[in-house]
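Read through the structure below, which is laid out as structure tokens, and then see the notes.
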Amino acid sequence: MALYKEQTLKVYNSLSGEKEVFEPVHEGHVGMYVCGPTVYSNVHLGNCRTFISFDLIFRYLRHLGYKVRYVRNITDAGHLEDDADHGEDKIAKKARLEKIEPMEVVQRYTIDFHNILQKFNLLPPSIEPTATGHIVEQIELIKEILLKGFAYETNGSVYFDVVKFNEDHTYGKLSGRKLEDMIANTRELSSQDEKRNPQDFALWKKAEPQHIMRWPSPWGEGFPGWHLECTVMSTKYLGETFDIHGGGMDLKFPHHECEIAQAEACYEHAPVRYWLHANMLTLNGKKMAKSTGNNLLPGEIFSGNNPILSKAYTPSVVRFFMMQAHYTSILDLSDEALLAAEKGYLRLMDALDQLPTLPTGKSSEFDVKAWRQRCYEAMNDDFNSPILVAQLFEAVKAINLVRDGKQTVTAGDKQVLAESFEAFVYDVLGLEKGRRDGVDTRKLEGTVELLIEMRNQARANKDYAASDRIRDALAGLGIQLKDGKDGTTFTY
RNA sequence: GGCAUCGUGGCCGAGUGGCUAGGCGCAGCUCUGCAAAAGCUUGUACAGCGGUUCGAAUCCGCUCGAUGCCUCCA
């Protein structure tokens with residue numbers, strides 16, 4: 001029997017503002033769409049947090065036995081810059097500045113994106129569609145919205161008529177905004193606007209002569225607007241009503257609000273059952289953003305090459321750091337917090353190593369089945385990974401006690417413990433053991449084993465000067481020796 | 001200015017009406033040649049002020065502070 005039949009998953013739905021029991025449209029199947037990156041520069045750590053959060057969600061859904069179709073788009077058509085840039089889009093601008101083709105920009109940063117996410121051990125989505133690959137569908141959708149009367153054309157551009165839509169729909173329900181308030185608070189923009197109302201948004205923009213990314217359309221040459229691609233691609237691959245739509249908190253308004261409006265304008269019903277929003281990663285208490293320069297690149301954290309860091313951290317440590325916070329909470333990054341996370345992570349992984357060699361006994365003092373259910377309850381409660389991590393540390397404690405002969409566990413319980421522990425650490429949290437780029441671990445481990453042997457010989461001869469020299473020299477290299485009852489082990 | 005969210009012990013971070021989350025650090029003890037590691041033990045915190053309640057970190061109000069969105073942003 002599939003696990004999802006035994007476990008009751010609740011998710012926090014941004015639309016209702018409440019935790020709701022998760023019930024997919026089609027039993028056993030889940031359709032999930034997550035807004036992906038705009039590939040105009042290197043993916044930064046804040047971006048990564050969102051995708052890591054949804055990777056956790058994807059992994060847990062799969063672990064529960066759901067067949068998940070996970071769609072995460074690549075925005076390669078760019079979004080418009082602000083008015084000062086005369087509607088130039090980010091990718092086009094980057095291409096112009098670097099004197100290359102827009103698609104070279106897209107290619108370069110798509111590869112970077114994939115590389116980094118792979119380091120963080122993210123599972124690839126089922127489908128990763130691109131905006132430029134769905135221009136035809138976007139044009140068709142615009143035609144449909146025009147036909148329904150919720151859009152109008154001006155000078156080769158097409159805009160969504162928010163005021164008209166709001167007459168018999170509710171614009172702003174996701175972000176808790178009221179159109180009247182928005183109109184009342186509109187800032188006076190000096191631009192000679194083609195829009196009927198400032199709240200209207202572009203479905204199609206006419207391309208100026210210098211604009212390099214352009215496609216033919218019934219309204220002349222142009223390019224699609226901000227919010228259209230997600231509506232088109234989510235509906236195409238997941239249907240008019242699908243289960244989960246995710247993305248960063250900063251996309252809630254206006255992006256997701258506009259998606260709802262577009263879909264409701266076309267299909268006359270809500271497109272999404274559960275809206276999930278991942279919160280921001282902050283640096284120095286401020287949101288990480290490319291535009292403000294307050295950001296940290298994954299590469300910098302892996303190399304330690306950034307003034308705020310005292311050392312390098314592996315992707316898995318960073319991932320563990322993120323798993324210690326709930327995905328809907330703002331998480332502040334600091335060197336101190338990473339250092340603490342690293343220690344905890346190593347302790348967790350050490351316990352995992354102990355598992356196979358754990359002695360078994362006639363009885364168990366640790367209630368493994370109750371523990372396992374607490375782990376599920378943590379994840380069932382809106383993917384509460386911090387609680388799961390706390391539970392894992394409870395198991396760490398038990399494992400260490402058994403290892404030291406202070407507690408016992410039966411063979412059956414040990415097996416359940418090992419299976420569940422590994423499943424939660426590897427499959428659900430997506431952590432992995434110290435994969436180190438560019439290091440031949442077999443050579444290193446063999447060398448350290450030899451040094452341990454020499455040190456133990458020195459200790460047997462009470463030549464502590466020699467033994468301590470080996471220990472301290474290795475410590476200086478970041479290799480820590482651990483003397484236990486059954487010999488010496490090491491971590492690095 | 002408008003709309004939200006949040007303020008938890010040295011740090012990070014769960015909890016959301018009564019039942020000490022957890023991690024890191026600190027201190028003590030056990031172990032050890034000495035350490036480290038590991039184990040055990042110890043920490044009664046919830047921005048401030050009022051209110052509701054038998055009882056509030058948890059609900060309500062106000063104040064202060066922080067952040068996000070309102071313009072592209074994960």
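A note on names: the letters A, B, ... follow the listed sequences, proteins ahead of strands, and every chain is numbered from 1.
A donor-acceptor contact under 3.5 angstrom links the side-chain atoms of A:K287 to the base of B:C73. With hydrogens and angles left out, the side chain of A:D468 and the base of B:G33 share a donor-acceptor pair within 3.5 Å.
The residues A:R196 and A:D161 are annotated as salt-bridged, a charged nitrogen and a carboxylate oxygen being separated by less than 4.0 angstrom. The pair A:R471-A:D483 does not meet the salt-bridge criterion, since no charged nitrogen lies less than 4.0 angstrom from a carboxylate oxygen. Taking 4.0 Å as the cut-off between side-chain N and carboxylate O, A:D335 and A:K311 do not count as a salt-bridged pair. Between A:R455 and A:D468 there is no salt bridge, since no side-chain N of the basic residue sits under 4.0 Å from a carboxylate O of the acidic one.
B:C69 and B:C54 are spaced 44 Å apart, taking the P atom of each and rounding to whole Å.
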Nucleotides 11-17 of chain B: protein proximity per nucleotide (B base, S sugar-phosphate only, - neither; heavy atom, under 4.0 Å): S-SSS--
Heavy-atom protein contacts under 4.0 Å, nucleotides 36-47 of chain B, coded B base, S sugar-phosphate only, - none: BBSSS-------
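For the pair A:R72 and A:F51, the cation-pi test (distance below 6.0 Å, angle within 45°) is passed. Figure legend: A:R177 and A:F253 shown as a cation-pi pair, the cationic atom lying under 6.0 angstrom from the six-membered ring centre and within 45 degrees of its axis.
Annotation: of the two residues near RNA chain B, A:M280 and A:A390, the 5′-most nearest-nucleotide partner is A:A390.
No more than 12 heavy-atom neighbours from other residues, nucleotides or ligands sit within 6.0 angstrom of CD on A:E453.
For A:R177, taking side-chain heavy atoms from C-beta onward, the closest of the listed nucleotides B:C3, B:G22, B:A74 is B:C3.
Heavy atoms of A:G36 sit under 4.0 angstrom from primed sugar atoms or phosphate atoms, though from no base atom. At a threshold of 4.0 angstrom between heavy atoms, the contacts of A:L348 with the nucleic acid are absent. Residue contacts for A:H44: at a heavy-atom cut-off of 4.0 Å it reaches a base atom on one of the strands shown. The residue A:E394 sits close only to the backbone: its heavy atoms come under 4.0 Å of sugar-phosphate atoms, none of a base. Across all strands, A:K286 comes closer than 4.0 Å only to sugar-phosphate atoms, never to a base (heavy-atom distances). Counting any heavy atom pair closer than 4.0 Å across all strands shown, A:G176 reaches sugar-phosphate atoms only and no base atom.
Counting to the nearest Å, the P atom of B:C69 and the CE atom of A:M182 are 15 Å from each other. In this structure, A:L179 places its CG atom 14 Å from C1' of B:G2, rounding to the nearest Å. Summarising the geometry, the separation between NE2 on A:H227 and P on B:A74 is reported as 13 Å, rounded to the nearest angstrom.
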Secondary-structure string, 5' to 3', Watson-Crick or G-U under 3.5 Å, | for another-strand partners, for RNA chain B: (((((((..(((.....[...)))..((((.......)))).....(((((..]....))))))))))))....
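The side-chain ring of A:Y464 is stacked on the base of B:G33, judged by centre separation under 5.5 angstrom and plane angle under 30 degrees.
Between A:Y60 and A:F383, the ring planes lie perpendicular to each other; the angle is over 60°, past the 30° to 60° tilted range.
For the OP1/OP2 pair of B:A74 and a distance below 4.0 Å, the side-chain nitrogens and oxygens of A:T38 include at least one atom meeting the criterion.
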